[in-house]
Protein chains: 2
Amino acid sequence: MSSSEDTGTLGKAINLLDLIASAPDALRFSDLLKLTGQPKGSLHRQLRHLVVEGLVDISPDGAYQPGIRLLKFASRAWARNTVRKLAEPHMKVLHDITGETVHFGMLRGAEIVYLDKLESRQAVRMHSQVGNASPVYCTGIGKAAISCLAEDRLADLVQQVRFHRYTASTITDAAALRDALGLIRQRGYAEDLEEHQAGICCVAASVVVASQNFIGGISVTAPVFRAGSLERGEWVAPVRRAAGSIAEDMAYGLSPAHQDR
Amino acid sequence: MSSSEDTGTLGKAINLLDLIASAPDALRFSDLLKLTGQPKGSLHRQLRHLVVEGLVDISPDGAYQPGIRLLKFASRAWARNTVRKLAEPHMKVLHDITGETVHFGMLRGAEIVYLDKLESRQAVRMHSQVGNASPVYCTGIGKAAISCLAEDRLADLVQQVRFHRYTASTITDAAALRDALGLIRQRGYAEDLEEHQAGICCVAASVVVASQNFIGGISVTAPVFRAGSLERGEWVAPVRRAAGSIAEDMAYGLSPAHQDR
DNA sequence: AACATGTTTCCAAATAATGGAACTATCAGG
DNA sequence: CCTGATAGTTCCATTATTTGGAAACATGTT
């Protein structure tokens with residue numbers, strides 16, 4: 001099918017895990033049976049394997065949900081991630097300038113995965129955002145990131161997107177998305193004006209380092225009452241500067257000249 | 001071997017992932033070759049599958065590390081985890097009483113995985129603890145948790161443990177661990193007196209709900225200069241109370257229908 | 001240029017996954 | 001207490017996948 005390499009048994013298992021992780025509600029065996037269309041025997045075996053390995057847990061009411069063993073893996077993934085470490089100081093600078101929430105994320109499939117977040121008040125729990133995956137078409141970082149893709153890859157990606165109307169302003173079709181991307185390319189930055197969450201908007205710029213196959217972005221997010229067009233206008237330059245610095249560090253800091261550890 | 005069920009291909013892949021995630025340094029292909037003892041062909045294929053699935057990323061210098069796709073999975077696992085949600089208010093109470101860092105974690109294999117953390121100052125990044133896995137024998141929660149195990153299961157677990165001396169006070173053999181557990185059972189709470197990190201100690205109590213196969217604990221952690229025997233003595237009752245409340249909520253709150261497994 | 005080290009590809013043999021069907025458990029209603 | 005419906009589990013011959021040795025390929029070193 002389409003462009004995905006075959007990963008055999010593992011791929012099937014992870015697809016199942018993804019299904020369980022992506023579902024809005026907890027799924028029972030029979031829900032999964034319908035969703036996957038697999039025979040009972042196969043599905044049951046796959047689930048048992050996932051459960052034994054700790055990638056899936058069975059909740060007290062018999063529903064399947066992502067397992068807590070994943071926390072350990074993710075904790076290591078985050079701690080090791082060089083890109084994130086490298087971006088951190090630039091996020092701080094941007095955060096100091098704007099005083100608003102700063103996000104850093106990267107493209108993964110047709111979603112943006114948030115790698116880090118800096119918030120003025122640390123009231124909101126970190127896990128509520130880091131690791132979260134949001135659709136490309138309704139986030140500033142998402143649109144900024146894919147505006148840099150080559151046409152063939154963009155076409156592939158757009159085809160994968162399943163549009164969902166989160167708010168009245170959400171982009172809900174490919175044509176509108178392409179229009180938006182045109183404007184973003186022209187301006188050099190992206191905005192999300194309450195397209196994902198009502199009352200929240202952001203200014204974002206892409207961070208793309210072709211040599212490392214990295215496609216992502218950085219953004220400043222704020223509630224609408226603190227982010228009128230005036231404020232957003234003031235954020236554009238700092239956001240772009242931060243994005244540029246991160247890309248530069250990535251391209252430069254990790255070249256042959258630099259020694260690791 | 002020993003007591004683990006067979007999970008075929010998936011199990012092998014996840015073992016490999018665990019190896020990559022658990023290593024203190026980034027591993028290259030040949031490191032993994034030595035560690036796993038597998039033939040090149042097989043290892044390469046397994047790694048490729050993990051990489052394609054996003055469970056493993058290849059860093060710019062060619063080393064393998066846990067993939068950022070795991071962040072998404074873990075983020076969901078954390079958000080969905082009913083036990084954690086249920087424990088949160090009791091953690092808050094304990095945190096208000098003591099003013100010190102509160103941890104909540106559960107047993108997974110021979111390790112304690114931290115499910116949540118409340119800190120007076122949110123200076124330390126959350127991912128630095130949540131999802132972290134620490135050995136049972138040198139953490140308060142770990143010792144409290146396993147002090148409640150039945151003898152046969154405890155024996156199994158102790159056999160899995162590979163003791164490592166983190167500090168001068170670390171328990172480094174099974175006999176000493178069993179002694180410590182005896183005292184913990186007698187007292188009804190556990191302490192970690194700089195056994196994992198120099199300068200850090202904690203008071204912990206177990207949270208065990210047999211009907212839900214949950215084994216874990218809650219703890220108050222502080223630097224030694226703020227946690228003398230006087231202060232620790234004052235924490236014992238609140239910690240035990242919090243542990244008891246969580247266990248109670250778990251036993252009552254979640255079972256309209258009694259499930260067995 | 002020759003070598004050592006690290007990585008990828010290939011394919012017949014060995015092994016594991018597949019999925020249909022039969023079986024068991026649980027529950028609601030009469 | 002029985003009956004049928006829904007949910008979950010086990011079994012096993014067939015089929016597809018993983019396995020691992022060997023050889024090719026790449027890259028950096030003396």
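Lettering follows sequence order; numbering is per chain, from 1.
For B:Ser42 against D:dG20, a side-chain N or O and a base N or O form a donor-acceptor pair under 3.5 Å.
If you take CG of A:Leu33 and C1' of D:dT9, they are 12 Å apart, rounded to a whole angstrom. If you take NZ of A:Lys40 and P of C:dA21, they are 12 Å apart, rounded to a whole angstrom. Distance, B:Leu32 CG to C:dT7 C1': 13 Å, rounded to whole Å. Look at CG on A:Leu43: it is 14 Å from P on D:dT10, rounded to the nearest Å. Computed from coordinates, the A:Leu47 CG to C:dT18 C1' distance equals 15 Å when rounded to whole Å. Note: CG (A:Asn15) to P (C:dA17) measures 16 Å, nearest angstrom. Rounded to whole Å, atom C1' of C:dG6 lies 14 Å from atom CD1 of B:Ile58.
Of the side-chain N and O atoms in B:His44, none sit less than 4.0 angstrom from OP1 or OP2 of C:dT7. Dashed line: the shortest gap from a side-chain N or O of A:Arg45 to OP1 or OP2 of C:dA17 is not under 4.0 Å. In terms of phosphate contacts, B:Lys12 brings a side-chain nitrogen or oxygen within less than 4.0 Å of OP1 or OP2 of D:dT19. When the side-chain nitrogen and oxygen atoms of B:Ser30 are compared with OP1 and OP2 of C:dT7, one or more of them lie within a distance under 4.0 Å.
Residue whose closest nucleotide on DNA chain D sits further toward the 5' end, between A:Leu10 and A:Arg28: A:Arg28. Heavy-atom nearest nucleotides on DNA chain D were determined for A:Thr9 and for A:Phe29, and the one closer to the 5' end corresponds to A:Phe29.
A salt bridge links A:Lys72 to B:Asp18: at least one charged side-chain nitrogen sits closer than 4.0 Å to a carboxylate oxygen. Ionic pairing of B:Arg178 and B:Glu151 is present here: one or more N-O contacts between side-chain nitrogen and carboxylate oxygen are shorter than 4.0 angstrom.
The residue from B:Lys40, B:His44, B:Gln38 that alone fulfils the side chain to side chain contact (heavy atoms under 4.5 Å, CB included) condition with B:Leu33 is B:Lys40.
Using a 4.0 Å heavy-atom distance criterion, B:Gln38 is classed as making no nucleic acid contact.
In this structure, the side chain of A:Asn81 engages the main chain of A:Val83 through a donor-acceptor pair within 3.5 Å.
Within a 6.0 Å radius of CZ in A:Arg153, no more than 12 heavy atoms belonging to other residues, nucleotides or ligands are found.
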